[in-house]
Amino acid sequence: MTADTPLLHLSACQVDLTRREVRRGGHTLPLNPREAELLAWFVAHPVRPATRQELLREVWGYRGGARTRVVDMTVRRLREKLEADPADPQHVLTVRGMGYRFEPPAGGAALSPQRDPLFGREAALRALGERLQHPGLVTLLGPPGVGKTRLAACLAEGWSGPVVVVDAGACPRPEALQEALEASGAAALPPDGLVVIDHLERCAEAGRALSALRGRRALCTSLHALGVAEEQRVVVAPLDPAPALALLVDRARRAGLDEPLRWEAALKEIVALSDGLPLALELAAAQLAALQPPALLQRLRSRPLELASEAPDRPPRHHSLRRALEAAWALLDPEERGALATLSVFVGPFSVEAAEATLAPAERSGWQLLRRLTERSLLARAGDGRLRMLHAVRAFAAEHLGDARAAAERRHGLWACQLRGDVALAHLDELLAAMQRALDRSDLELATAGCRTLERLGAFQDPQQIESTLLRGRLARVRGALAQAEAHAELALSDSAARPDLQAQALHSLGWLRNLQGRLDEGIALLERAAARAQEDGDTALRASALCDLGVCRSEVGDRTGARVDLEAARALLQALGDPPQATADCVMSLGLLGLAEGAWGQAQAAFQDAAERYGALGVPLGRAWALNNLGEALRLQGQRRSAARAYEAALEGFRRVGSGDGFVAEANLALLQLDSGDAAGARAVLERTLRTVQGQGRRARQGLVHAMLLPCVALAGEQAALGRHLGEARRLLAETGFVDHDVARLAEQAAREAEARGWPDEARGCAALALDQRQALLG
């Protein structure tokens, strides 16, 4: 046995909880996983009786009432392996009418065995030892997962006198805690004795229960202070980067990762995302048995709360970061929960004034709520005096924001956009995040206000300057100002040479812009570079987005096989990320567009309906408008003209409501319905207005499409010269951009028939040739 192996010494055997082995009489008996977990729970909760329902909940994870004898059967097997005489057990004892309790061996084994060295806690241990040289109450405070129990256990192991440990987590009332203290023998300890009380925050009015300990040494762990006069408070902070990295490297080696420092850069980022929380680092290291650090890092970026490891020597509350945070969340009242969820919209430290501007009206003032959340260790003071939230706490709180998210993010955005001067520079990350969200939600008024604030600030440091340029370009693109958007995108790409980590974003932005301009070959090349760069950077979300847009571009030039490969790859990446809502909606939309190109109109209709619902639930009106427009396309192609008209009209209203320059698309599609119903003159008037719009925006592929739409309109009007002019422009622009569309072929064929009927052979042959080119491209 090595020095760092956790051994539990019982009267008849030794137990290695990590290896799940019982050693007795020269033999080794295996423990199955559930037996080991039950024993670990007993060791962490000595003496205290536990009901069968409690054990089913804590060890088996049952959430409702369950009628099963699985606890009794597991206890029977444990006794057979642990006890000298299973019929007369010494450790796993029955409590009549209730359940079971664990009697530790002489000398105690109340806390989980502490076999590992502490990292970065040496000074804290010395300070605790000094405070406990004299009788008194010392409370260790800190957020979930910071290692309060571990620190208390290490101090208890090194204590020279007798120690008793009580878990207050199972004592919700002060009377129950008093009974547990009496049962532990705390009152009978000699002067050099120490009482350790874990999870004191779970006991209401705990101060009343501790009155019997006055004049004794007591060390408590809690999320919040007791508030009694004699209490000494010690805040346990997350680990500094150096000891946090040392802890992660040590645990990575134990998990079987060879030469972990080969991955030092990824490990350092894992440390940063873990905020130095020892529990998060331990759980991350457990994943390294199956994942290399870069792969783990990708998962942490998108799903920081999914870290889990059901190690038998770790109590169930420490099996995942989520479970630790759930316990803290349960202690908050509804107003405190709402405030914490709202504050998750901040991306970094924030001032009290910023928080009060963002919080929703409540019975208590914003300052009172902030004070309560700070007292409960869910907010902390940053070095500059602002408040900050740990990554894991922010992710957990954000999950509970629900329908209040849009309002909270808008209040945050309004606050950020009114900042000025140095204050705005200090909160620049918040302003950029607010602009990003405003654009995601098509709140162009708020995005424009943010853009004006950025313009007042002028130049500032990378990477924020590049992010600002990209956001301003995105705003121009949504408004239909493609020339301005192009200038911003090219500037961002040029500046990203100094910041390679932002190059993929700049390539992606410029690539999609080229698609909108009809320069599809350039767009495909740029998006391919963006996807490759994102893969190199380990940015799975950005790679998925680039592949999604790449699939749309390939579809528009007739490469449906390539489009299918890209879109299915993007969908698989998004599923691996847990289906982030907006990115998934974008991918579903793109798959619908591919369905249109392939002629699978029913499949496309289902995809667009799905996308419209997803965008609606997310509060993204521009995305919903596009989904409705495309839904109209699928319905029109299936002959459902009335339903198509309703979808187009809803899309047009959506485009107009957000002030987008893309409303011309829905107008043009409504014109096609007019044309199909015989109103060629009405369709022509709308399409000529649309043509002027797309010419002003520089959208060459769209210009070619609208020229093609006008072909049957002018042919039916008997205007031979106009037909020749629109035909020439359509062929030129569509050939230059490589754009293909089923409507171009159909409308060109209609114009060819009308020209032939009117005796215009040249125009008839030209329209027929255009239709043939499009048909061949669509067939691949």
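The residues of the chain are indexed from 1 along the displayed sequence. A quick note: this is a predicted structure, and the numbers were derived from the prediction, not measured.
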Student: Less than 4.5 Å apart, side chain to side chain, heavy atoms only: is that true for H427 and R386?
Tutor: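 SC-SC contact between H427 and R386 confirmed.
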
Student: Answer yes or no: is there a side-chain heavy-atom contact under 4.5 Å between L343 and L387?
Tutor: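 No - every pair of side-chain heavy atoms lies 4.5 Å or more apart.
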
Student: Are any of the side-chain nitrogens in E688 or R684 under 4.0 Å away from the carboxylate oxygens of its partner?
Tutor: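 Salt bridge between E688 and R684, a charged N being under 4.0 Å from a carboxylate O: yes.
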
Student: So that I can tick it off, tell me whether E729 and R725 are bridged by a salt bridge, with the cut-off set at under 4.0 angstrom between side-chain N and carboxylate O.
Tutor: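 So R725 does not pair with E729 through a salt bridge.
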
Student: Are L454 and L432 close enough, and set up right, to give a side-chain contact (heavy atoms from CB on, under 4.5 Å), and what steps lead you there?
Tutor: CA-CA 9 Å; L454 289 172; L432 294 172; 4.1 Å; yes

Student: For the atom pair SG (C548) and CG (L567), what is the distance rounded to the nearest 0.5 Å?
Tutor: 5.5 Å

Student: So, S643 and R646: side-chain donor and acceptor under 3.5 Å apart, yes or no?
Tutor: yes

Student: Tell me whether R456 at atom CZ has more than 12 heavy atoms from other residues, nucleotides or ligands lying less than 6.0 Å away.
Tutor: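 Result for CZ/R456: enclosed.
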
Student: Over all heavy atoms of both residues, which pair between A485 and R477 is shortest? Give the atoms and the distance, please.
Tutor: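 The pair with the smallest heavy-atom distance is CB-N, 3.7 Å.
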
Student: What distance do L414 atom CG and R410 atom CZ have between them, rounded to the nearest 0.5 Å?
Tutor: 5.0 Å

Student: Show the numbers, then the answer: is there a side-chain contact (heavy atoms from CB on, under 4.5 Å) between V565 and L547?
Tutor: CA-CA 9 Å; V565 170; L547 286 173; over 6 Å; no

Student: Just by distance, no angles: are the side chains of E667 and Y648 close enough, under 3.5 Å, to form a donor-acceptor pair?
Tutor: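 Not at all, the side chains of E667 and Y648 share no donor-acceptor pair under 3.5 Å.
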
Student: Considering non-hydrogen atoms only, spot the tightest contact between A546 and L527 and give its length.
Tutor: CB-O, 4.2 Å

Student: Identify whether the distance between the nearest side-chain nitrogen and carboxylate oxygen of R441 and D443 falls below 4.0 Å.
Tutor: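 Answer for the salt bridge query: no.
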
Student: Pair L401, V345 - check side-chain contact (heavy atoms from CB on, under 4.5 Å), show working.
Tutor: CA-CA 9 Å; L401 196 47; V345 302; 3.8 Å; yes

Student: Go through the structure and list residues passing side-chain hydrogen bond (donor to acceptor under 3.5 Å, both in side chains) with D676, not counting sequence neighbours.
Tutor: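 Expected list: R746.
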
Student: How many angstroms lie between atom OG of S496 and atom CZ of R533, to the nearest 0.5 angstrom?
Tutor: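 Result: 8.5 Å between the selected atoms.
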
Student: Quick one: pull up CG in L734 and CG in D773 and give me the separation to the nearest 0.5 Å.
Tutor: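 Those atoms lie 9.5 Å apart.
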
Student: Any salt bridge linking D495 with R499? Criterion: basic side-chain nitrogen under 4.0 Å from a carboxylate oxygen.
Tutor: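 A salt bridge is absent here (no side-chain N lies under 4.0 Å from a carboxylate O).
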
Student: Measuring from M389:CE to R394:CZ, what's the distance to the nearest 0.5 Å?
Tutor: 6.5 Å

Student: Taking all heavy atoms of Y615 and all of A627, pick out the closest pair and write down the distance.
Tutor: CD1-CB, 4.3 Å

Student: Atom CZ of residue position R301 - does it have more than 12 heavy atoms of other residues, nucleotides or ligands inside 6.0 Å?
Tutor: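 Yes, CZ of R301 has more than 12 neighbouring heavy atoms, counting only those of other groups under 6.0 Å.
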
Student: State, with a plain yes or no, whether a side-chain heavy atom of Q505 is found less than 4.5 Å away from one of I466.
Tutor: no

Student: Taking S494 for its side chain and L491 for its backbone only, find out whether a donor-acceptor pair lies under 3.5 Å.
Tutor: no

Student: If you draw a 6.0 Å radius around CD in E445, do more than 12 non-hydrogen atoms from other residues or ligands fall strictly inside?
Tutor: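 No, because the 6.0 Å sphere around CD of E445 holds 12 heavy atoms or fewer from other groups.
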
Student: Take a 6.0 Å sphere around CG of D403 and say whether it holds more than 12 heavy atoms from other residues, nucleotides or ligands.
Tutor: no

Student: Using a 4.5 Å cut-off on heavy atoms from C-beta on, say whether the side chain of S545 contacts that of D586.
Tutor: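 Contact flag for D586/S545 side chains = no.
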
Student: Return yes when atom CZ of R411 has more than 12 non-hydrogen atoms of other residues, nucleotides or ligands closer than 6.0 Å, and no otherwise.
Tutor: yes

Student: Which pair of non-hydrogen atoms, one from S509 and one from L470, has the smallest distance, and what is that distance?
Tutor: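 Heavy-atom minimum between the residues: CB-CD2, 3.8 Å.
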
Student: May I ask you to test the E353-W415 pair for a side-chain heavy-atom distance under 4.5 Å?
Tutor: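 In short, these two side chains do not touch, never coming nearer than 4.5 Å.
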
Student: Taking D741's backbone N and O only, do any of them form a donor-acceptor pair with E556's side chain (distance below 3.5 Å, no angle check)?
Tutor: no

Student: Is a salt bridge present between R474 and D440, judged by a nitrogen-to-oxygen distance below 4.0 Å?
Tutor: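 Judged by the 4.0 Å cut-off on N to carboxylate O distance, R474 and D440 do form a salt bridge.
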
Student: Answer with yes or no whether the side chains of S468 and R472 bring together a donor and an acceptor at under 3.5 Å.
Tutor: yes

Student: Compare all side-chain heavy atoms of T584 with those of R571 and state whether any distance is below 4.5 angstrom.
Tutor: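 Yes, their side chains come closer than 4.5 Å.
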
Student: Using only atom types and a distance under 3.5 Å, with no angle test, would you say the side chain of S590 pairs donor to acceptor with the backbone of V552?
Tutor: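 Flag not set: sc S590 to bb V552 has no pair under 3.5 Å.
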
Student: Is any side-chain N of the basic residue among R614 and D610 closer than 4.0 Å to the acidic one's carboxylate O?
Tutor: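 Counted as a salt bridge, because a side-chain N and a carboxylate O are separated by less than 4.0 Å.
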
Student: Given side chains that start at C-beta, do those of D537 and L542 come closer than 4.5 Å, heavy atoms only?
Tutor: no

Student: Evaluate side-chain contact (heavy atoms from CB on, under 4.5 Å) for L670 paired with V686, printing each intermediate quantity in order.
Tutor: CA-CA 9 Å; L670 282 167; V686 173; over 6 Å; no

Student: Angle class for the H726/H707 ring planes (parallel below 30°, perpendicular above 60°, tilted otherwise)?
Tutor: tilted

Student: Output yes when R636 and D743 qualify as a salt bridge under the 4.0 Å nitrogen-oxygen rule, no when they do not.
Tutor: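 Salt bridge flag = yes for D743 with R636.
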
Student: Would you say R624 has more than 12 foreign heavy atoms packed within less than 6.0 Å of its CZ?
Tutor: no

Student: Any donor-acceptor pair under 3.5 Å linking the side chain of R702 with the backbone of L516?
Tutor: no

Student: Taking NZ, NE, NH1 and NH2 as the nitrogens, is one of them in R554 or E528 under 4.0 Å from a carboxylate oxygen of the other?
Tutor: yes

Student: Taking atom types as modelled, find out whether D429 and Q464 have a side-chain donor-acceptor pair closer than 3.5 angstrom.
Tutor: yes

Student: Quick one: do the Q517 and R514 side chains pair a donor with an acceptor below 3.5 Å?
Tutor: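 R514 and Q517 do have a side-chain donor-acceptor pair below 3.5 Å.
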
Student: In Å and rounded to the nearest 0.5 Å, what is the SG to CG distance from C553 to N515?
Tutor: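 Result: 3.5 Å between the selected atoms.
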
Student: Can you give me the closest heavy-atom contact between L691 and Q703, atom names plus distance?
Tutor: CD1-O, 4.1 Å

Student: Closest heavy-atom contact between L593 and S555?
Tutor: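 That closest heavy-atom pairing would be O-OG, 4.3 Å.
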
Student: State, with a plain yes or no, whether a side-chain heavy atom of V744 is found less than 4.5 Å away from one of V740.
Tutor: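 V744 vs V740: side chains apart.
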
Student: Using the rule given for salt bridge (charged side-chain N to carboxylate O under 4.0 Å, His left out), can you reason through D662 versus R699, listing the C-alpha separation, both sets of side-chain angles and the distance that settles it, and then say yes or no?
Tutor: CA-CA 11 Å; D662 292 328; R699 298 191 173 190; 2.9 Å; yes

